[in-house]
Protein chains: 2
Amino acid sequence: MAMTESLDPERMACWRAYIEASQRLFTQIEDDLRADSELSFADYHVLVLLSEAPGQRLRMGELAGRLVFSPSRLTYQISSMQKRGLVARESCPDDRRGSEAVLTAAGLLTLREAAPHHLRSARTHLMDDLDDAEVACLTRVFERLGRRLGSDRDASSTPADK
Amino acid sequence: MAMTESLDPERMACWRAYIEASQRLFTQIEDDLRADSELSFADYHVLVLLSEAPGQRLRMGELAGRLVFSPSRLTYQISSMQKRGLVARESCPDDRRGSEAVLTAAGLLTLREAAPHHLRSARTHLMDDLDDAEVACLTRVFERLGRRLGSDRDASSTPADK
DNA sequence: GACGCTCGGTTCAGATTTCAATGTCACCGC
DNA sequence: GCGGTGACATTGAAATCTGAACCGAGCGTC
């Protein structure tokens, strides 16, 4: 049916391809991850962010923002990882309302072990298949998109702490 | 170290940008949809697929395949939509094991009403921001990806056999 | 130094999703 | 025909996610 009043055919096809392929890719990545580690994609992502943070610790809110998680989802996520010993929860010294998640040794180890598998899966499913121009294009598009949607957070100045 | 030979920095940045921006976009699209209709993105997607299918009906399995849903998730999804009167469930004449989802008049109406809003949100959050070269690039990349990831269902190049 | 306000996180109830069975049939070889 | 095998879909229980209500600070005002 033609409800194309709003989106020209090229863009419509693009949108659809993007949605469907991404869905497939995400579930594939998730399955791979679960297959060769005990982690969900969310778990993995948390570990990565913590491992890169100074002191390997992050405030809940900060973490939620970067993961694009609702506050309550993050609470649940961290509790779950805490039970499994991947992270610890500490109350924040500066602000007694807040708490922060801290990477444990076990968490780091788990990440180190999972990373090669995960990265391989990212490569074989997507990245290896892209030529340099495509990589450049995707990077440009999605960084722009991320900035426009994520609004403020860490954005502009950056690269001292990666 | 093995970790760096897995993904060069450009591709790593690309991968990250893609993941994060997509996450943000999907939640944004979902929120928009819920704001101006009573539909989730899954609901909407079901309606679109059914509206395009011959007889506005599809087998459960076929639908699950295209939505990238697990069978049980689809069962739940359709039950939920059935309760709301958007689709009906009929048992398949050819194969008595199977059933098919059929679009109702109310479902079609709901789709017609939701579509403009949804498409506008797709445009404003992403598509309007892309130039033609970017559209072409994304389309090429994601159609390729979709094909590579188990979507030998419908369309493109292989009619008649599957 | 109590009041009203907002903020960071958590909690609880309910909705959704997964995972492992299960039930019903189709299909194949005999 | 008849049993074995496997496909299609559903179910039930457990895991996860969402959204609203909540608690315990910070923060400003008077």
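The shown structure was predicted, so the numbers you read here are calculated from the model rather than taken from an experiment. Below, chains carry the letters A, B, ... as their sequence lines are ordered, and counting in each starts from 1.
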Item checked: Bending between helix ends of the helix from C/dG1-D/dC30 to C/dC30-D/dG1 [5 pairs per end, 10° resolution] -> 20°
Item checked: Residue pairs fulfilling ring pair (Phe, Tyr, Trp, His ring centres under 6.0 Å) with at least one residue in residues 19-40 of chain A, sequence neighbours excluded -> A/Phe26-B/Tyr18
Next item on the list: Report the residues that fulfil salt bridge (Lys or Arg N to Asp or Glu O under 4.0 Å) with A/Arg96, sequence neighbours left out, ordered by chain and then residue number.
Entry: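 A/Arg96 satisfies salt bridge (Lys or Arg N to Asp or Glu O under 4.0 Å) with no other residue.
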Check: Residues two or more places apart in sequence or in another chain: which of them pass salt bridge (Lys or Arg N to Asp or Glu O under 4.0 Å) with B/Asp132?
Finding: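 Partners of B/Asp132 by the salt bridge (Lys or Arg N to Asp or Glu O under 4.0 Å) criterion, ordered by chain and then number, come out as A/Arg11.
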How would you list, by chain and number, every residue that makes a side chain to side chain contact (heavy atoms under 4.5 Å, CB included) with [X], sequence neighbours excluded?
X        : answer
A/Arg144 : A/Arg140, A/Val141, A/Arg147, B/Asp129, B/Leu130, B/Glu134
A/Ala114 : A/Ser37, A/Leu39, A/Tyr44
A/Glu38  : none
B/His117 : B/Asp36, B/Arg120

Checklist line | Any residue meeting side-chain hydrogen bond (donor to acceptor under 3.5 Å, both in side chains) with A/His125, in chain and number order, not counting sequence neighbours | finding: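 For A/His125 the side-chain hydrogen bond (donor to acceptor under 3.5 Å, both in side chains) partners, ignoring immediate neighbours, are A/Asp32.
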Notebook entry, point to check: Which two nucleotides bound the region of DNA chain D that has atoms under 4.0 Å from heavy atoms of chain B, read 5' to 3'?
Noted result: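 Listing 5' to 3', DNA chain D meets chain B from D/dG6 to D/dT11.
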Filtered N/O pairs between nucleotides 13-23 of chain C and protein, under 3.5 Å:
unit_1, atom_1, unit_2, atom_2, d
C/dT16, OP2, B/Tyr76, OH, 2.9
C/dT17, OP1, B/Arg73, NH2, 2.8
C/dC19, N4, B/Ser72, OG, 3.0

Next item on the list: May I ask you to verify if any side-chain N or O of A/Ser99 is less than 4.0 angstrom from the OP1 or OP2 atom of C/dT10?
Entry: yes
Check: When the nearest nucleotide of DNA chain C is assigned to B/Arg96 and to A/Arg89 on a heavy-atom basis, which residue is associated with the more 5' position?
Finding: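 Of the two residues, A/Arg89 wins.
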Checklist line | Position toward the 5' end of DNA chain C (nearest nucleotide), A/Ser79 or B/Asp94 | finding: A/Ser79
Checklist line | Whole-Å distance separating the CG atom of B/Asp95 from the P atom of C/dT24 | finding: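 Rounded to whole Å, this separation is 15 Å.
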Item checked: Whole-Å gap separating P (C/dG9) and CD1 (A/Ile78) ->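 That distance rounds to 11 Å.
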Check: What closest approach, in Å, do A/Leu119 and B/Leu7 show between heavy atoms, and which atom pair accounts for it?
Finding: CD2-CD2, 3.9 Å
Next item on the list: Compare every heavy atom of A/Gly85 with every heavy atom of A/Thr104, then report the nearest pair and how far apart it is.
Entry: OG1-O, 2.7 Å
Notebook entry, point to check: Do any pairs count as a salt bridge (Lys or Arg N to Asp or Glu O under 4.0 Å) and have a residue in residues 68-93 of chain A, sequence neighbours left out, and if so which ones?
Noted result: A/Asp43-A/Arg84, A/Arg57-A/Glu90
